[in-house]
Chemist: 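Quick one: structure below, then a few questions.
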Amino acid sequence: NAGVTQTPKFQVLKTGQSMTLQCAQDMNHEYMSWYRQDPGMGLRLIHYSVGAGITDQGEVPNGYNVSRSTTEDFPLRLLSAAPSQTSVYFCASSYSIGLGTYNEQFFGPGTRLTVL
Amino acid sequence: KNEVEQSPQNLTAQEGEFITINCSYSVGISALHWLQQHPGGGIVSLFMLSSGKKKHGRLIATINIQEKHSSLHITASHPRDSAVYICAVSRPSGSRLTFGEGTQLTVNP
């Protein structure tokens, strides 16, 4: 199994440009999520999905869109990049979200994004 | 005040020392996670626990639900243990995690 994969590893954008960060997992996990990691702050949840066709907002969703057309893929779209979106982005997955359950999270290697 | 607080923020140790990293949380949880982030950036799950104690090699994680506190211990520390250690909690409503800011550990030879 490849686990959780993310592309690209590095990206530089100009303000106003759009792009999509790719995330895929081959573990048949229902739950997938996107986090951003900034210096001096813990990982913060951007968007998450509990299954194909179902997505919801996390703590910091503004400026980002997601979709979940398949179990495997969960792309994150930046609509109009801003310098405040300079960050390291991590995709994660786990087997299920179910009420009262808790599951090990598997993280992708991260995408380092710089917006000029 | 953050829902998950870690201490210390930075920790420098000599090889062989016993290390403790602390995590306190202020919300109800279904589980607490300890994660490790290496200098290359990758994040791996070390432990997931909801009570008591877990051990894996030189790593030990404990949790006191009543006191809302967890500790991660590293015995006989080694330079390869140098990493950021992150505490996170799962809320009872599901798998969404709330993270601490992390503890940067440096183990010198």
Side-chain angles (χ1 to χ4, degrees), chain A residues 2-6 8-10 23 25 27 29-51 54-61 74 87-113, chain B residues 1-10 21-52 54 56 61 63 65 70 83-104:
Chain A
V4 181
T5 59
Q6 288 183 238
K9 288 189 177 180
F10 301 93
C23 174
Q25 52 87 14
M27 298 173 281
H29 284 171
E30 297 172 356
Y31 180 73
M32 297 185 74
S33 53
W34 276 102
Y35 298 94
R36 59 178 291 172
Q37 185 178 40
D38 301 295
M41 306 184 75
L43 288 147
R44 291 182 293 167
L45 181 65
I46 303 171
H47 285 284
Y48 67 99
S49 169
V50 300
I54 306 169
T55 63
D56 206 348
Q57 295 180 350
E59 301 171 63
V60 288
F74 190 44
S87 187
V88 181
Y89 291 85
F90 288 95
C91 178
S93 73
S94 66
Y95 183 64
S96 72
I97 189 174
L99 284 177
T101 66
Y102 47 92
N103 295 286
E104 181 182 2
Q105 300 267 323
F106 293 83
F107 287 83
T111 295
R112 188 173 295 273
L113 175 68
Chain B
K1 189 179 189 300
N2 292 339
E3 294 178 340
V4 180
E5 298 272 358
Q6 285 184 239
S7 63
Q9 284 189 310
N10 294 283
I21 299 171
N22 296 299
C23 175
S24 297
Y25 55 93
S26 57
V27 294
I29 68 169
S30 57
L32 184 139
H33 306 249
W34 281 103
L35 309 167
Q36 182 190 54
Q37 185 172 26
H38 273 284
I43 300 173
V44 296
S45 176
L46 297 175
F47 295 104
M48 184 175 61
L49 65 166
S50 58
S51 65
K54 285 191 175 181
H56 181 68
I63 188 169
I65 297 294
S70 175
V84 176
Y85 292 84
I86 302 170
C87 172
V89 298
S90 297
R91 305 299 295 277
S93 56
S95 289
R96 294 175 58 178
L97 299 183
T98 301
F99 296 83
E101 292 183 20
T103 295
Q104 174 69 62

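Letters A, B, ... are given to chains in the order of the sequence lines, protein chains preceding strands, and every chain is numbered from 1.
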Chemist: Please state whether the side chain, the backbone, both or neither of Leu43(A) comes within less than 4.5 Å of a heavy atom of chain B.
Modeler: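 It is both, since atoms from each part get that close.
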
Chemist: Indicate the atoms forming the closest heavy-atom contact of Ala83(B) with Gln36(B), along with that distance.
Modeler: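 What the structure gives for the nearest pair is CB-CG, 3.8 Å.
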
Chemist: What are the two closest heavy atoms between Met27(A) and Ser93(A), and how far apart are they?
Modeler: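 So the minimum-distance heavy-atom pair works out to CE-OG, 3.6 Å.
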
Chemist: How close do Leu45(A) and Ser33(A) get, counting heavy atoms only, and between which atoms?
Modeler: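 Smallest interatomic distance, heavy atoms only, reads CD1-CB, 3.7 Å.
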
Chemist: Any sub-3.5 Å donor-acceptor pair from Thr103(B)'s side-chain atoms to Pro8(B)'s backbone N or O?
Modeler: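 Present.
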
Chemist: Measuring heavy-atom distances to chain A, does Gln104(B) have an atom under 4.5 Å in its side chain, in its backbone, in both, or in neither?
Modeler: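 Neither part.
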
Chemist: Relative to chain A, which segment of Ile43(B) carries a heavy atom at a distance below 4.5 Å: side chain, backbone, both, or neither?
Modeler: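 For Ile43(B), the contact with chain A is made by backbone and side chain together.
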
Chemist: Checking Phe106(A) against chain B: side chain, backbone, both or neither under 4.5 Å from a heavy atom?
Modeler: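 Contact with chain B is absent: no heavy atom of Phe106(A) under 4.5 Å.
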
Chemist: Non-hydrogen atoms of chain A under 4.5 Å away: do they reach the side chain of Ile29(B), the backbone, both or neither?
Modeler: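 No part of it gets close to chain A.
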
Chemist: Assign the ring pair Tyr31(A) / Tyr48(A) to parallel, tilted or perpendicular, where the plane angle (0 to 90°) is split at 30° and 60°.
Modeler: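 Because their plane-to-plane angle lies in the 30° to 60° range, the rings of Tyr31(A) and Tyr48(A) count as tilted.
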
